[in-house]
Amino acid sequence: MEERARRIVETAVELAEQGGFEAVRLRDVASHAGVALGTLYRRFSSKEDLLIAAFELETFDLERRVAQRPPRGDTASERVSAFFAMATRGLLRRPNLARALLKAHAAGDPQLAKRTAAFNARLHDLVVAALRGRAAEAAPPPNESERLLTHALTRVWFALLLGWAGGLHGQATVIDEMSDCVELMVLGAEQKQRLATA
């Protein structure tokens, strides 16, 4: 991301941290970032577009943290649970920002579908790396079983995060329920694989 666009996104992050989704008004973002409103619109088509870019920066940060301290565990389910716990704590450490990012991600804007899909693909790579116990960049593409498992797990995680954002439960519940789902799904996938090769 070029320097001016990064400054715009970082300004949106600051405003979202203070007041959530509603505080990210494009005119205010432009003013605080020291750019013309037209300059902002040339780079970002909407508030959601801007917050998806902020979500991408959060994902870069998660990738960096995972590279420095890979999720630990003796089994695939332990490593994947550790990954989702790390990702949850990292995202929810700034609650107002997290709610704004989740709202933008769930907005369903067709124009942002490609960017959202790219973000999801990077998340899937991190989950597959945790499953295998190796670095994401060194891993070959997922097999069909890994692909299906990863899609299911990330969908459960987003559902739990949306529940958190709506006040249905706290961060500990997201982590605990995600861990339970990981154990069930990973063990089920392993059992299916054993039956298929028997």
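No experiment lies behind these values; they were computed from the predicted model shown.
Evaluation of the side-chain hydrogen bond (donor to acceptor under 3.5 Å, both in side chains) rule for T75 yields S77 as partners, not counting sequence neighbours. The side-chain contact (heavy atoms from CB on, under 4.5 Å) test applied to R43 returns E2, R4, A5, I8, T39, not counting sequence neighbours. For R89, there are no salt bridge (charged side-chain N to carboxylate O under 4.0 Å, His left out) partners two or more places apart in sequence or in a different chain. Annotation: side-chain contact (heavy atoms from CB on, under 4.5 Å) contacts of L148 (sequence neighbours excluded): E144. Residues satisfying the side-chain hydrogen bond (donor to acceptor under 3.5 Å, both in side chains) test with R122, not counting sequence neighbours, are E63. By the side-chain hydrogen bond (donor to acceptor under 3.5 Å, both in side chains) test, S145 is found to be paired with no residue, residues two or more places apart in sequence or in another chain being considered. Residues satisfying the side-chain hydrogen bond (donor to acceptor under 3.5 Å, both in side chains) test with R64, not counting sequence neighbours, are D61, Q68.
The number of heavy atoms from other shown groups lying within 6.0 Å of CD (E183) does not exceed 12. Counted within 6.0 Å of CZ on R69, heavy atoms from surrounding residues, nucleotides or ligands total 12 or fewer; the atom is thus considered open.
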Show me the donor-acceptor pairs within less than 3.5 Å that the side chains of residues 161-173 make with the rest of the protein, sequence neighbours left out.
residue, atom, partner, partner atom, Å
H169, NE2, L160, O, 2.8
H169, NE2, W164, N, 3.3

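Screening residues 154-179 for salt bridge (Lys or Arg N to Asp or Glu O under 4.0 Å), with sequence neighbours left out, gives no hits. The list of ring-ring contact (aromatic ring centres under 6.0 Å, His included) pairs with a residue in residues 66-94, not counting sequence neighbours, reads F84-W157. Pairs passing the ring-ring contact (aromatic ring centres under 6.0 Å, His included) check and including a residue from residues 18-42, sequence neighbours excluded, do not occur. Among residues at least two apart or in separate chains, salt bridge (Lys or Arg N to Asp or Glu O under 4.0 Å) pairs with a member in residues 96-111 are E22-K103.
Listed for the N96 side chain is no donor-acceptor partner under 3.5 Å among the backbone atoms of G20. Using a distance-only test at 3.5 Å, with no hydrogens or angles considered, a donor-acceptor pair links the side chain of R7 to the main chain of A33. The backbone N or O of T150 sits less than 3.5 Å from a side-chain atom of T154, completing a donor-acceptor pair. The backbone N or O of N143 lies less than 3.5 Å from a partner atom in the side chain of E146, making a donor-acceptor pair.
Residues E58 and R93 are paired through a salt bridge, judged by an N-O separation under 4.0 Å between the basic side chain and the carboxylate.
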